[in-house]
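A short write-up of the structure that comes next.
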Amino acid sequence: MRSLLFVPGDSERKLEKGLGSGADVLIIDLEDSVAPARKATARSMAAEFLSARAGHASPKLYVRVNDFSTGLIDEDLAAFVKVSPQGIMLPKAAGGADVERLSAKLRVHEAEAGLDEGAIRILPIITETAAGLFAAGSYTSALPRLAGITWGAEDLSADVGARATRDDAGHFTDVFRLARAMTVLAAARAETAAIDTVYVDFRNMGALRRECLDAERDGFTGKMAIHPAQVPIINEAFTPSSEAIAEACAIISAFADAGDVGVVGIDGKMYDRPHLRRAERLLARVVVANG
C-alpha cells in the first residue's frame with residue numbers, strides 16, 4: 001500500500017472520482033469528514049459502493065469507522081461488513097487490545113455474512129490520543145489482521161492542547177515528530193507496514209514530495225492522501241527505483257553465492273547482514289506493489 005486516499009462516505013461524486021485517482025487504497029470515511037446528521041446516509045452509500053465494486057481487485061477498499069468511544073462502531077460494521085471490504089481503518093486506537101476487540105466483532109459479522117474468518121484486515125491509527133501513543137509497543141505480529149500501522153497529528157494536537165502541529169518552516173514540532181517515530185518503531189515491532197500521515201496543504205506539491213521522500217527514507221512504505229492530486233506524487237515516492245531494485249538484487253545474489261557469511265563485497269563496497277535485510281524488505285515491497 002503506497003497511497004491511501006480518503007474519500008467521504010456520503011459523497012457519491014467523490015467516491016467515483018477516487019476510483020480514477022490511481023490510489024492503491026480508497027479509505028471510505030464514515031468518521032471525520034461526515035457530519036453527525038449524515039452518518040446513516042454515509043453508511044448506506046458506503047455499503048452500496050462496496051457492493052458495486054465486488055470482485056474488483058484494485059483499488060483496495062477500506063472503511064474508516066467511528067472510534068469505540070462514539071458508540072457508533074457497531075452500526076458502522078452492521079451496515080457494510082456483509083459486502084466485504086478489504087479492510088477497516090480504526091481511528092483513536094488505544095493499543096493492540098483495541099485491534100483484538102475489533103477483530104472479535106468482525107469474526108461475528110464475517111460468520112453471519114458467510115465470509116472467511118480474518119478476510120477483513122485492520123489498519124489502526126495509533127497516535128490520535130496520548131494514551132494511544134503510550135501503547136504503541138502493544139502492537140505485535142500476533143495480531144494477524146494487522147494490515148499496517150499509521151498515525152495522525154490533528155486529533156493528537158487536540159488531545160494534548162497544542163496550538164499547531166508544525167512550526168513556521170512547515171516541520172512537525174517535537175511532540176508530533178515523536179508520534180511519527182513511534183509509528184515506524186511500532187510497525188517494525190509488529191512486522192507490518194508503516195504508513196505516513198496526510199499532508200494537508202494539498203496545493204503544495206513540492207512540500208508533499210519532500211515529505212514523502214523523507215518518510216520513505218525513514219522506513220515508511222506508504223502515505224495517506226486527502227486529495228486525488230496527491231496520489232501520483234505519493235506513488236512515485238514509495239515505488240522503489242530501478243537502481244534501488246538492481247542494488248537489492250545484487251546484494252541478495254552476493255549473499256546467496258557466498259554461503260553462510262556475515263559480509264560480502266560488491267564493486268569495492270562492503271555489505272553486511274543488515275544490508276541484506278533491507279534489500280529483502282525492498283524487494284518484498286516491489287512484489288506487493290505488483291500485485
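Applying the salt bridge (charged side-chain N to carboxylate O under 4.0 Å, His left out) rule to Arg217 yields the partners Asp214; only residues at least two apart in sequence or on another chain are considered. Looking at residues two or more places apart in sequence or on another chain, you find a salt bridge (charged side-chain N to carboxylate O under 4.0 Å, His left out) between Asp174 and Arg177. The side chain to side chain donor-acceptor pair (under 3.5 Å) test applied to Asp76 returns Arg43, Asn66, not counting sequence neighbours.
In Arg281, the CZ atom is not crowded: 12 or fewer heavy atoms of neighbouring residues, nucleotides or ligands sit closer than 6.0 Å. Within a 6.0 Å radius of CD in Glu280, more than 12 heavy atoms belonging to other residues, nucleotides or ligands are found.
Sorted by first and then second residue, the ring pair (Phe, Tyr, Trp, His ring centres under 6.0 Å) pairs with a member in residues 53-81 form an empty list; sequence neighbours excluded. Note on residues 222-231: pairs passing salt bridge (charged side-chain N to carboxylate O under 4.0 Å, His left out), not counting sequence neighbours, are Asp196-Lys223, Glu211-Lys223.
In summary, the side chains of Thr239 and Arg2 do present a donor paired with an acceptor at a separation below 3.5 Å, with no hydrogens or angles considered. A donor-acceptor contact closer than 3.5 angstrom links the side chains of Asn235 and Ser3.
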Give every donor-acceptor pair under 3.5 Å between a side-chain atom in residues 87-94 and any protein atom, sequence neighbours left out.
{"unit_1": "Lys92", "atom_1": "NZ", "unit_2": "Glu31", "atom_2": "OE2", "d": "3.3"}
{"unit_1": "Lys92", "atom_1": "NZ", "unit_2": "Asp155", "atom_2": "OD1", "d": "3.2"}

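A donor-acceptor pair under 3.5 Å links the side-chain atoms of Thr150 to the main chain of Ile195, judged by distance alone. A donor-acceptor contact shorter than 3.5 Å links the side chain of Ser157 to the backbone of Glu154. The closest donor-acceptor contact from the side chain of Thr173 to the backbone of Arg166 lies at 3.5 Å or more, if one exists at all. With Lys105 contributing its side chain and Asp74 its backbone, the two residues share no donor-acceptor pair below 3.5 Å. Asp116 places no side-chain N or O within 3.5 Å of a backbone atom of Ala119 that could act as its donor or acceptor partner. For Lys82 (side chain) and Ala79 (main-chain N/O), a donor-acceptor pair under 3.5 Å exists by modelled atom type.
Contact check on Asp218 versus Arg180 returns a salt bridge, with a Lys/Arg side-chain nitrogen under 4.0 Å from an Asp/Glu carboxylate oxygen.
When all heavy atoms of Ser21 and Pro228 are compared, the closest pair comes out as CB-CB, 4.0 Å. For the pair Ala179 and Thr127, the tightest heavy-atom approach, listed with the atom from each and the gap, is O-CG2, 3.8 Å.
If you chain together hydrophobic residues whose side chains sit under 4.5 Å apart, Leu106 and Val65 fall into the same group. Neither Leu185 nor Val99 shares a network with the other; the hydrophobic side chains, linked directly or stepwise wherever heavy atoms of I, L, V, M, F, W or Y lie under 4.5 Å apart, form separate groups for each.
Between Phe172 and Phe176, the ring-plane angle classifies as tilted under the 30° and 60° cut-offs.
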* Evaluate the side-chain contact (heavy atoms from CB on, under 4.5 Å) criterion for residues Ile149 and Val184: first the C-alpha distance (whole Å), next the side-chain angles of each, then the deciding distance (0.1 Å), finally the verdict. => CA-CA 8 Å; Ile149 288 174; Val184 173; over 6 Å; no
* Asked: When you look at Asp67 and Ile73, which way does the side-chain contact (heavy atoms from CB on, under 4.5 Å) test go after all the steps?
  -> CA-CA 6 Å; Asp67 71 86; Ile73 192 168; over 6 Å; no
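Considering Leu26, Ile120, Ile27 in turn, Ile120 is the only one that fulfils the side chain to side chain contact (heavy atoms under 4.5 Å, CB included) rule with Pro85.
Atom CZ of Phe238 is separated from atom SG of Cys212 by 5.0 Å, given to the nearest 0.5 angstrom.
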